[in-house]
Amino acid sequence: PGAVQLEPNFMQNDAPQAAFVLGAIFLVVVLLPISVAFARRIWRRSSRGPATADVSHELDERFTRLEQGMDAIAVEVERVGESQRFMTRVFTEERDGRAIGAGAAEPISVRNRDAAEIRR
């Protein structure tokens with residue numbers, strides 16, 4: 001009978017009304033001008049047609065030079081390969097019963113062995 005019962009203090013778990021208001025103000029003041037600036041930048045960039053044409057023309061010229069250089073290199077590599085095939089055929093081809101390759105050198109006839117030079 002003489003006790004006083006206090007009502008429990010409940011904590012509010014949801015965000016306060018002020019957070020929503022500050023968030024909306026932040027969006028309008030900060031993010032809206034930034035998004036408008038990006039949109040204008042995109043519009044300006046798309047309206048510049050000749051600048052992109054110059055870049056594509058320059059790239060076409062560079063690719064043409066690159067292609068010509070690669071063709072020249074391919075021709076030179078083919079010439080080297082053909083030369084190797086020819087030299088291999090010449091060295092393995094038999095003439096008069098003997099090959100020209102390594103170890104098949106022609107013997108040297110020397111009349112006076114003392115007068116012959118020895119090369120090292």
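For clarity, every value in this text was computed on a predicted model and none was experimentally measured.
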Should side-chain heavy atoms under 4.5 Å link Ile, Leu, Val, Met, Phe, Trp and Tyr, which residues sit in the same cluster as [X]?
X: Leu27; result: Val21, Ile25, Phe26, Val29, Val30, Leu31, Ile34, Phe38
X: Leu22; result: none
X: Val4; result: none

Pairs touching residues 66-80 that satisfy salt bridge (Lys or Arg N to Asp or Glu O under 4.0 Å), sequence neighbours left out: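 Sorted result for residues 66-80: Glu76-Arg79, Glu78-Arg85.
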
Nearest 0.5 Å, please: how far is CE in Met70 from CD in Gln68? 12.5 Å

Which atom pair, heavy atoms only, marks the closest approach of Thr64 to Asp60? OG1-O, 2.7 Å

Contacts of Val77 that satisfy side chain to side chain contact (heavy atoms under 4.5 Å, CB included) - sequence neighbours left out: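 Partners of Val77 under the side chain to side chain contact (heavy atoms under 4.5 Å, CB included) test: Ile73.
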
Please examine the side chains of Leu66 and Arg62, heavy atoms only from C-beta on, and report whether any two atoms are closer than 4.5 Å.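 The answer is no, as the side chains (C-beta and beyond) never meet within the 4.5 Å cut-off.
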
Applying salt bridge (Lys or Arg N to Asp or Glu O under 4.0 Å), name anything that partners Glu61, two or more places apart in sequence or on another chain. none

